[in-house]
Amino acid sequence: MPSPDSTTQETKQLRDVYPEIEPYKTGMLKVSEIHTLYYEECGNPSGKPIIFIHGGPGGGTDERDRRFFDPEAYRILIYHQRGAGNSLPNACLEENTTWDLVEDLEKLREHFNVDKWVLFGGSWGSTLSLAYAETHPERVKALVLRGIFCCRRKELLWFYQEGASMLFPDAWDKYLEVIPIGERGDLMSAYYRRLTGENEEEKLKAATAWSVWELATSRLYVDPSYIAHATDDAKFAVTFARIETHYFVHGAFMNEDGQLIKNADKIKDIPGVIVQGRYDVVCPPRSAWDLHKVWPKGEFHWVDDAGHSSKEPGIVHQLVTATDKFRNL
């Protein structure tokens, strides 16, 4: 059941991320004829391996993502998925599916000479972590998951078609503006057509609107500086929106809807932590609760004063506490 102290964070001192840290190694790993992945290693080269699996898909990472982990205890592995961040070619959709990304993790594990590791992922990062763990459970020591996203059709429709629109009508109107009324019956497909089309002006307009919608709804309190990441960085917006729509119009390339929940018995022996913002509208809490019910070893923590973002104080507290918990596993 949920941790009894998860609803009383205002009464105790919250943990923050660890101090700033620089990689001791960076590199590029060729994983196919098309794709080469960026990676970096931080912390203790002899420490317990933990890999940060970023969101999106297409979201990439920033320097702060290195800081959820004790640098003396962990060998911190960070990478950018196909087409994202510093990986090449940028925003490429060819040979870019969930199962390509799962096998990329295996190639990275072998490259890093790791036998078993801890997976740390939020949002789409939780999706990919679950997909990998259910495919290669023998390689996973533990899972630290935040803002659970199972890529079920109902989750996608809630956020991109109708649902979250009822809570953020002002932001929703801006999301709708770039799509003609006649195409609004299937907004994900309408966006995908523009993001994969030849009209560069239309592509950028769609990418910005798509990305702004997600960033505007990610926190309990709307953060204009967070939204500016989408409006001021065209490369990020196009990469993020292009890869996301590619995955979402194809149902994340799952074999069946709800696959990650249905196959949760494959991770029944893997310990883990689920951290879920009570007011997460991007990845609604129903998904975290459904996972909790079929994964007995997944310790559940509600964060009652948070939305979706890993930058919200209560979520940071639970994530750092969770990674500390598995330091000696």
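- Note that NZ of Lys268 and CH2 of Trp295 are 14.0 Å apart. Values are rounded to the nearest 0.5 Å.
- Here Lys293 contributes atom NZ and Trp289 contributes atom CH2; the two are 8.0 Å apart, rounded to the nearest 0.5 Å.
- Taking 4.0 Å as the cut-off between side-chain N and carboxylate O, Asp257 and Arg153 do not count as a salt-bridged pair.
- One distance of note links CE of Met188 with NE2 of His250; it measures 12.0 Å at 0.5 Å rounding.
- A salt bridge links Arg109 to Glu106: one of the charged nitrogens lies within less than 4.0 Å of a carboxylate oxygen.
- The pair Arg66-Glu22 meets the salt-bridge criterion, with a side-chain N (NZ, NE, NH1 or NH2) lying under 4.0 Å from an Asp/Glu carboxylate O.
- Around atom CD of Glu256, more than 12 heavy atoms belonging to other residues, nucleotides or ligands sit under 6.0 Å away.
- Using the six-membered ring where Trp is involved, Phe253 and Tyr247 have ring planes that are perpendicular, over 60° apart on the 30 and 60° scheme.
- A salt bridge links Arg327 to Asp324: one of the charged nitrogens lies within less than 4.0 Å of a carboxylate oxygen.
- With a 6.0 Å radius and a threshold of 12 heavy atoms from other residues, nucleotides or ligands, Asn199 has its CG atom above the threshold.
- The pair Glu41-Arg75 meets the salt-bridge criterion, with a side-chain N (NZ, NE, NH1 or NH2) lying under 4.0 Å from an Asp/Glu carboxylate O.
- Within 6.0 Å of CD on Glu162 lie no more than 12 heavy atoms contributed by other residues, nucleotides or ligands.
- Enclosure of atom CD in Glu20 is not indicated, since only 12 or fewer non-hydrogen atoms of other residues, nucleotides or ligands lie within 6.0 angstrom.
- Using a cutoff of 4.0 Å between basic side-chain nitrogens and carboxylate oxygens, Lys174 and Asp170 are not scored as salt-bridged.
- Note: Tyr160 OH to Thr245 OG1 = 9.0 Å, rounded to the nearest 0.5 Å.
- Glu155 places a side-chain N or O within donor-acceptor distance of the main-chain N or O of Cys150, the cut-off being under 3.5 Å.
- Note: Phe248 CZ to Tyr192 OH = 13.0 Å, rounded to the nearest 0.5 Å.
- Of the N and O atoms on the side chains of His246 and Glu94, not one donor lies less than 3.5 Å from an acceptor on the other residue.
- For the residue pair Ser123/His308, the side-chain donor-acceptor check at 3.5 Å is satisfied.
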